[in-house]
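Proteins come first, then strands; the chains are lettered A, B, ... in the order of their sequence lines, and each starts at number 1.
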2 protein chains.
Amino acid sequence: MAQALTIGRVAEATQCKVQTIRYYEQIGLLRPPERSQGNHRVYRKTDIDRLLFIRHARDMGFPLEAVRDLLSLADTPEASCRAVDDIARTQLGEVERRIRRLTALKGELERMIAQCSGGTVSDCRVIEALGDHAHCEGDDHLAARAG
Amino acid sequence: MAQALTIGRVAEATQCKVQTIRYYEQIGLLRPPERSQGNHRVYRKTDIDRLLFIRHARDMGFPLEAVRDLLSLADTPEASCRAVDDIARTQLGEVERRIRRLTALKGELERMIAQCSGGTVSDCRVIEALGDHAHCEGDDHLAARAG
DNA sequence: CTTGAACCTACAGTTACTGTAGATAGTAGG
DNA sequence: CCTACTATCTACAGTAACTGTAGGTTCAAG
């Protein structure tokens, strides 16, 4: 890799959009890089490494605030690993919660589709199911509404 | 159920926030209800049924645009059920995609957590894994980045 | 009547990007 | 050098689906 890259080249190298890179700088996840005489951003390897860390954490589903915390911890090698562990466990719990929710939804959708008569809307089991409040109120999915 | 309800009572009855009800009216999913002399919204059973349909569809994960389409179809009983079926199948596909993505993430998080040494950040496998680009580039999860 | 709750509209915030407009900088080819 | 095109800049707004807040009006109970 070359010693210094413009933002577009960094975007290519990291598969992260130019606008997103600027966004991360704006919200403080990335430090402002050096600038050329023409005011173009000039990224060094450490900048790019940091961006890749961010992207990797985002890909793992960590919300930006958690990424911020992880970066802070990564910048503090003598800090306890416990905080990192906590963040990761919180995220794992969230992922498991989402999987459960989606799996239940999958089952419902499959049932609705299997019952679809292929005729007209007036006979439609999907529409009927969506409009069926007795069923709806008997389920716990309303009460368990997720974000 | 009483013949007519104010928005707050509808919100209670449907577990849908007042602001969200107003939002749905603003974006055209709900029709503007009658108004009292004091300009308060007055909801009838048909209004509430429509809101419950919307909530149910949202709970199933249908995006608002799809909910709009489903409502339109529900208002057209002689229309073909095929369109409804298509919407539901699209949503099912999306749910399956998300489950697959989350399940892969779960596995990764579990591996990272299992390797956490419980010492300091400098020995931390979570931080190391997030900063590990050789590993990162060898995986397909970067390429398969979801929204 | 008073007081507090419910309701109203208008506008902005949330999360994580993403796009657009108008202007400047950089580069390659003639 | 000139031209043309691409890349980059900042500022601001849009996206999806809500959600909150402010300031004002209406309603209901004591």
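When atom types are taken as modelled, the side chain of A/Thr20 and the backbone of A/Cys16 share no donor-acceptor pair closer than 3.5 angstrom. Using a distance-only test at 3.5 Å, with no hydrogens or angles considered, no donor-acceptor pair links the side chain of A/His56 to the main chain of A/Leu51. Proximity of a side-chain donor or acceptor of A/Arg58 to a complementary backbone N or O of A/Phe62 within less than 3.5 Å is detected.
Ion pairing between a basic and an acidic side chain is recognised when a charged N comes within 4.0 Å of a carboxylate O; A/Arg31 and A/Asp49 show no such pairing. Checked for salt-bridge contact, B/Glu128 and B/Arg125 meet the test: a charged N lies under 4.0 Å from a carboxylate O. Residues A/Glu25 and A/Arg22 are not paired through a salt bridge, judged by the lack of any N-O separation under 4.0 Å between the basic side chain and the carboxylate.
Remark: A/Arg9 is not in phosphate contact with D/dA7, judged by side-chain N or O atoms under 4.0 Å from OP1 or OP2. Neither OP1 nor OP2 of D/dT8 sits under 4.0 Å from any side-chain N or O of A/Arg41. Neither OP1 nor OP2 of D/dA7 sits under 4.0 Å from any side-chain N or O of A/Thr6.
Taking 4.0 Å as the cutoff to heavy atoms of chain B, we find the contact window on DNA chain C bounded by C/dC7 to C/dT9.
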Once each nucleotide of nucleotides 23-30 of chain D is scored for protein heavy atoms under 4.0 Å, what B/S/- sequence comes out, 5' to 3'? ---SS---
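Protein atom CZ of B/Phe62 is 18 Å distant from nucleotide atom P of D/dA16, rounded to whole Å. Between the C1' atom of D/dA16 and the CD atom of B/Gln26 lies a distance of 13 Å, rounded to the nearest Å. Atom pair B/Ile54:CD1 and D/dA16:P shows a separation of 17 Å (rounding to whole Å applied). Per the geometry, CD belonging to A/Gln19 stands 12 Å off C1' belonging to D/dA13, to the nearest Å.
Counting all heavy atoms, side chain and backbone alike, B/Leu5 lies closest to B/Val10 at CB-CG2, 3.7 Å.
Under the side chain to side chain donor-acceptor pair (under 3.5 Å) criterion, B/Glu110 pairs with B/Lys106, not counting sequence neighbours.
Comparing B/Tyr24 and A/Gly8 by the nucleotide of DNA chain D that holds the closest heavy atom to each, the one mapping nearer the 5' end is A/Gly8.
Side-chain N/O atoms of A/Arg50 and A/Tyr43 include no donor and acceptor closer than 3.5 Å.
As judged by a 4.0 angstrom heavy-atom cut-off over every strand, B/Arg22 is placed among the base-contacting residues.
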